[in-house]
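All chains are named by letter (A, B, ...) in the order of the sequence lines, taking the proteins before the strands, and each is independently numbered beginning at 1. Reckoned from all heavy atoms, side chains included, excluding hydrogens, waters and symmetry mates.
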Number of protein chains: 2
Amino acid sequence: MDPHLLRTFVTVARRGSFSAAAEELGYTQSAVSQQVATLEADLGLALLRRRPVEPTRAGARLLEHAEPLLLRLRAARADVLRAEAAPSSRLTIAVSPLAVTPDLAVRLAGPPRLDLTIRATSRDEVAAVVASGEADLGLVDGVAAPSDPLRLPDVGPLTTLGVAERDLAVALPEGHPLAGRAGLRLADLVDALWLQTPLCPVERLRDIAGDGFRIGLTYTGDDLHTVLRLVAAGHGLTLLPADSPAPAGVPLVDPRVVHRVELLHGTLTGHAQRLAERLRQ
Amino acid sequence: MDPHLLRTFVTVARRGSFSAAAEELGYTQSAVSQQVATLEADLGLALLRRRPVEPTRAGARLLEHAEPLLLRLRAARADVLRAEAAPSSRLTIAVSPLAVTPDLAVRLAGPPRLDLTIRATSRDEVAAVVASGEADLGLVDGVAAPSDPLRLPDVGPLTTLGVAERDLAVALPEGHPLAGRAGLRLADLVDALWLQTPLCPVERLRDIAGDGFRIGLTYTGDDLHTVLRLVAAGHGLTLLPADSPAPAGVPLVDPRVVHRVELLHGTLTGHAQRLAERLRQ
DNA sequence: CAACGTTACGCTTGGCGTAATCATA
DNA sequence: TATGATTACGCCAAGCGTAACGTTG
């Protein structure tokens, strides 16, 4: 299970081609073939079907492990190197798009005021950025059952701490049959069409409220306004923090799901520690 | 950052000796020296001081990454191999010592009754056992702030779900000045002597309630009765679930800390999925 | 038959062991 | 000075590229 082989395997699987992977990695087609064969021989089972190239069951399973593993390896390397570099007094905090609630914004401001850089990244990247030491702290948001942790990509030895939970509202297009309601239950919306977004993945809804929740459209970006446009245009519903400017937002009264913000950090020192304490109240 | 080199580095650091590590790993002293040198050259910094052999700052940092990384690598391999083996109908669930609350025990029993193996392991191992596929599900318990996730060793792509939170009591020796109280606050106990146990690590208390909490004795096992004996003998206090048979247990009324149980699992199928649904209510 | 993956084969080099050398408690 | 890490050096094999060979859409 040499990471070198793992990387090649992942690339082949992603590109769906030995030759394309070889080009991407700077190997010959032959070398890639040999590397995959070595990995398969090592595990004693087939990882890829050829022509067309697609993962077997075992291959798919290995892929789920390999990608985060390689990410962790890179993060570990980056973290060790960075730790040895300048111990800057400037503090960097990585935040996902909706993680900075009004309350957290106030707490970030101080007093005392800190020399702070806020780095906005996608939800998936916050953990990686913190693990690699590029940011001292991270704030990630997501949709979860109350008091359940978010499902973060598992990228290194990070400490996670819930710092905020707030209610959600269902974003509905104007004129939607349910738009007038005072409150909605998730159970009432299983048959509706939903947006698949990074903030509110449909699998999470199914985890929480059972099957249903057809996907109307998948949106992979991180821009709230675009999501609102998509909802308004009727592509599907989604959940947003209750204080967002949602079009015809109706509070979700069934309290089995919340917008949750978590603070991530590695080993804390100095300023970072003080800020972390302030953020967790 | 070849895992082979990483493993050697970890072994040298743990054993505090190149020669001891060489013997343990089946290499010559020379090979180990070369491997460590290669790793240091690759990262461009010293990882170990020699004579005595101890990690540098960077080395200590790398160790924190390397150990779980290697664990994950093994877990990934084991998981892929196991997935391809017999899809047994027998269900295995790994549990840490106090994870099976009375309520969860009832839910485990059914109906319907399942062909179930319960495997007791230490708190640290549950995640690894589930990640490697040796168990289909895991139940881990620990002490946490309410609605905060437990800090689990980060060993693979696992799903975590809180399934129970219950109050804690402070275990006090008979005749302790505070033993008669109706309820205690953590803040009242910062100056007391505490046991350091896997269930209730003193760092967790400090995270939650600030500094203090001197360590009277460290206990690394998983046996509740031994812990109770240690408390009774005055080695220090500890927190236990309120329904435990604690000596002179006084409920913790300050509700900033609970005994939490989490359900862990990888990809679920069949029986395992049904059991998981039953456990999360 | 064309595109693509596999196999054969030679060569380079990474990495091990042996043994000599260096450093420190 | 003895213990233990490093360096020198030779050897083997892992693993790459070139090129010939299958195989399948």
From C-beta outward on A/Ser33, which listed nucleotide comes closest to its side chain: C/dC4, C/dT7, D/dT7?
C/dT7
In whole Å, what is the span from the CZ atom of A/Arg49 to the P atom of C/dG5?
16 Å
Rounded distance in Å - CD (B/Glu54) to C1' (C/dA25):
14 Å
What's the CZ-P distance between A/Phe18 and D/dT24, to the nearest Å?
14 Å
With the sugar-phosphate defined as primed atoms, P, OP1 and OP2, and the base as all remaining atoms, what B/S/- string results for nucleotides 16-22 of chain D, 5' to 3', for protein heavy atoms under 4.0 Å?
BBBB--B
Per the ring-ring contact (aromatic ring centres under 6.0 Å, His included) rule, what does the pair list look like for residues 41-77 of chain A, sequence neighbours excluded?
none
Please list, chain by chain and in numerical order, all residues satisfying salt bridge (charged side-chain N to carboxylate O under 4.0 Å, His left out) with A/Asp136, sequence neighbours excluded.
none
Under the side-chain hydrogen bond (donor to acceptor under 3.5 Å, both in side chains) rule, what pairs show up with a residue in residues 55-64 of chain B, not counting sequence neighbours?
A/Asp79-B/Arg61
In whole angstrom, give the distance that lies between atom CD of B/Glu23 and atom P of C/dG17.
13 Å
Using a heavy-atom cut-off of 4.0 Å across all strands, would you classify B/Thr38 as base, sugar-phosphate, or nothing?
nothing
Restricting to pairs with a member in residues 8-48 of chain B, which pass ring-ring contact (aromatic ring centres under 6.0 Å, His included), not counting sequence neighbours?
B/His4-B/Tyr27
Qualifying salt bridge (Lys or Arg N to Asp or Glu O under 4.0 Å) pairs, either residue in residues 17-44 of chain B, two or more places apart:
A/Arg77-B/Asp42, B/Arg14-B/Glu24, B/Arg15-B/Glu24, B/Glu40-B/Arg50
